[in-house]
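This report refers to the structure that appears directly beneath it.
Numbers for residues simply follow the sequence, beginning at 1.
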Amino acid sequence: MKRRAMKLTACLLAAGMTVSATDSVAFAAKGSSLAGLGAERSEETEQQTETAVQSVDGQAAESETQAETAPETEAAAETAAQTEAETQEETVAETEATLDTSMNGQLAFAQCDEYINVRSEASADSEVVGKVYNNGSVTILGQIGDWYQVQSGNATGYVNAAYFATGEEAQAIADEVAYNVATVYPEALTVRSEPSEDSEPIGTVYSTDELEVVQYDGDWMKVALGNDVYGYVSAYYVGYDTYYATAETLDEEQARLDQEWLDYLAESEAEEERLNQQWQDYLDQQAAEQAAADQSYQEQAAADQAYQDQLAAEQAAADAQAQADAASQQTSDAQSQAEQAYQAYLDAQAAADAAAQQGDEQNVYDTAAAAQQQYQEYLNAQAAADAQAQAEADAAAQAAQAAADAEAAAQQAQQAQTEAPQTEAPQTEAPQETVPETEAPSYSSAGSQIVNFATQFVGNPYVWGGTSLTNGADCSGFTQSVFANFGISIPRTAAAQASSGTPVSLSDIQAGDLLFYSNGSGIGHVTIYMGNGQVVHASNSNTGITISDYGYRTPVSARRYW
């Protein structure tokens with residue numbers, strides 16, 4: 001048909017008739033349209049076209065002489081014929097690229113490392129209008145060549161068919177990634193421990209509550225209540241819906257990223273406030289502990305001083321008692337000497353009395369003088385004895401006072417010892433295992449803090465494409481949000497996370513490292529290693545965020561971001 005159109009155009013030009021490019025296109029379009037009619041119309045059109053060509057051939061023969069004398073007209077005809085042919089080919093190509101709707105309504109799932117672009121036209125050069133992430137679902141509207149026309153979420157456009165699973169493969173993926181939800185109808189519905197009306201009630205759910213269904217057995221649905229608690233509800237009293245992850249438009253993506261950024265800033269601000277408060281609490285604790293240490297030191301010093309005072313008082317009492325004992329002995333000796341002097345006086349006085357009776361004047365004078373001398377010696381000895389007795393009394397009083405002081409010092413030392421026991425905490429620093437002594441808490445205290453934070457969310461739901469630790473996240477969204485809590489920014493997808501950070505040998509992994517698992521064609525899953533052969537991860541919609549043995553699948557690589 002194209003050859004006939006070209007020949008007709010050439011003949012018309014050769015006959016001196018004018019044919020525009022628009023006329024040629026219109027003719028070609030008409031020919032193409034006729035080709036699409038029934039067999040009778042096709043045959044009739046074919047005959048009409050042949051007649052027209054023959055007529056033109058006759059005219060061409062009559063104008064052959066003119067064509068030979070007009071080479072410029074022939075060249076123009078050839079150019080017009082070539083243009084007409086190219087236009088015809090483009091029209092045929094457009095006609096061949098028609099929309100095949102035989103797959104209309106089928107569900108397909110993206111199979112890629114990260115995401116597939118949804119484009120405005122069936123061409124890799126056309127505008128991107130949305131994104132479908134791995135295992136995300138689309139509904140096929142039709143097919144043009146290697147492209148599916150799809151609708152997913154709020155995005156409608158074209159995707160490369162090579163990256164989408166259909167048929168049985170799509171059904172298998174749907175069974176794995178489906179998120180099944182039961183919506184409660186009654187005002188209140190009892191959740192039971194077993195699929196039986198006779199089993200023990202374990203809770204109550206209420207109208208419009210949405211529960212994740214992990215198993216559907218006939219008349220009963222096993223649902224997740226959170227925190228690893230599961231129970232059964234009667235299927236007669238709930239609605240049942242199945243959801244799959246869908247595409248997001250560029251506007252939705254930007255809105256999500258903006259919200260994630262705002263959430264990150266809010267979380268960062270809250271984390272900064274928490275760290276500042278923790279640092280202030282640490283400083284307050286340090287000050288309190290230092291004050292307690294100073295008080296304890298002062299009390300201990302007082303106790304030590306009281307003990308030393310007690311020892312000194314006891315020694316003083318002992319010395320005073322020794323002096324009192326010595327003074328007592330001296331008093332006894334002085335009194336004995338006084339008594340001896342008095343006896344000598346009595347003897348001298350007796351001698352003087354005897355001399356007076358004998359009438360011996362000289363003897364009387366001499367014995368009286370001796371008696372007087374003895375008497376004076378007696379007075380002196382008695383005075384010394386009295387002075388020694390006073391010294392003894394003073395020494396005894398001093399010893400008694402020293403003994404009393406020693407007793408008071410002993411009581412004070414005992415009281416001080418009781419108030420400041422020796423088993424108190426170290427006086428100069430806080431316990432090292434609680435808060436570092438000289439610096440604020442920091443993220444460099446390793447991956448154990450990351451693990452402790454991540455395990456708080458075990459039992460929360462798995463939501464494909466989600467990043468919320470409480471309302472639901474997928475595997476890479478979970479790891480990204482956990483690390484963001486510590487001010488560590490990591491890529492969004494598992495594949496990108498596996499290509500960043502610091503590579504770690506699987507034999508050298510530590511708590512807080514990321515472990516990656518293959519999906520057969522690339523990285524398909526990521527977990528956080530906890531230590532002791534366990535990982536915490538957002539597993540799937542059935543188990544949610546959970547703890548597993550790190551070898552539940554074979555890890556292929558590890559990365560460290562802290």
Side-chain angles (χ1 to χ4, degrees), residues 107-118 131-138 152 159-179 243-248 253 454 457-458 460-469 472-483 490-506 509 512-530 533-561:
L107 200 63
F109 289 89
Q111 297 294 282
C112 58
D113 289 338
E114 187 171 356
Y115 62 85
I116 302 299
N117 287 323
V118 181
K131 295 179 180 179
V132 185
Y133 292 90
N134 186 43
N135 285 335
S137 67
V138 300
S152 180
V159 296
N160 193 322
Y163 295 99
F164 283 82
T166 59
E168 294 182 358
E169 184 181 359
Q171 184 58 52
I173 296 172
D175 294 340
E176 181 179 352
V177 303
Y179 185 73
Y243 298 98
Y244 304 100
T246 58
E248 62 180 1
E253 179 189 43
F457 306 99
V458 170
N460 288 345
Y462 173 97
V463 175
W464 187 91
T467 58
S468 173
L469 297 175
D474 58 18
C475 64
S476 57
F478 173 69
T479 55
Q480 184 187 52
S481 295
V482 167
F483 278 77
I490 66 176
R492 173 61 181 87
T493 65
Q497 292 175 9
S499 301
S500 302
T502 302
V504 179
S505 171
L506 291 175
I509 55 176
D513 290 342
L514 296 185
L515 293 186
F516 299 91
Y517 300 81
S518 173
N519 61 6
S521 60
I523 300 300
H525 192 61
V526 59
T527 67
I528 300 176
Y529 185 63
M530 298 174 57
Q534 291 187 310
V535 294
V536 57
H537 60 134
S539 178
N540 54 54
S541 60
N542 291 331
T543 58
I545 299 175
T546 187
I547 294 175
S548 307
D549 291 333
Y550 87 107
Y552 83 104
R553 288 162 58 187
T554 302
V556 296
S557 64
R559 295 278 169 161
R560 182 171 299 159
Y561 284 90

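- The shortest heavy-atom contact between Ala496 and Pro491 is CB-CB, 3.4 Å.
- Judged purely by atom type and a 3.5 angstrom limit, Asn460 has no side-chain atom pairing as donor or acceptor with the backbone of Gly472.
- Ring orientation note: the planes of Tyr244 and Phe109 are nearly perpendicular, at an angle over 60° on the 30°/60° scale.
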Validation: residues 160-176 side-chain donor-acceptor distances under 3.5 Å, sequence neighbours left out:
unit_1, atom_1, unit_2, atom_2, d
Asn160, OD1, Ala162, N, 3.0
Gln171, NE2, Asp175, OD1, 2.9

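- Residues satisfying the ring-ring contact (aromatic ring centres under 6.0 Å, His included) criterion with Tyr561, sequence neighbours excluded, are absent altogether.
- The side-chain heavy atoms of Leu506 and Leu515, taken from C-beta on, include a pair separated by under 4.5 Å.
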Checklist entry - Passes side-chain hydrogen bond (donor to acceptor under 3.5 Å, both in side chains), Gln497 versus Thr479? Steps please. => result CA-CA 9 Å; Gln497 292 175 9; Thr479 55; 3.0 Å; yes

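- Identified under the salt bridge (Lys or Arg N to Asp or Glu O under 4.0 Å) test for residues 512-523, with sequence neighbours left out: Asp513-Arg560.
- In this structure a side-chain-to-backbone donor-acceptor pair under 3.5 Å is present from Ser476 to Arg492.
- Annotation: side chain to side chain contact (heavy atoms under 4.5 Å, CB included) contacts of Val463 (sequence neighbours excluded): none.
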Next on the checklist: Is there a ring-ring contact (aromatic ring centres under 6.0 Å, His included) between His537 and Tyr517? Walk through the geometry before answering.
Outcome noted: CA-CA 12 Å; His537 60 134; Tyr517 300 81; 7.6 Å; no

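- Ser518 and Gly520 make their closest contact through OG-N, 3.0 Å (heavy atoms, listed as atom of the first residue, atom of the second, distance).
- Listed by chain and residue number, nothing satisfies the ring-ring contact (aromatic ring centres under 6.0 Å, His included) test with Tyr179 (two or more places apart in sequence, or in another chain).
- A distance of 11.0 Å separates CD1 in Ile545 from SG in Cys475, rounded to the nearest 0.5 Å.
- For Arg559, the salt bridge (Lys or Arg N to Asp or Glu O under 4.0 Å) test picks out no residue, with sequence neighbours left out.
- Ring pair Phe478/Phe457: centre-to-centre distance not below 6.0 Å.
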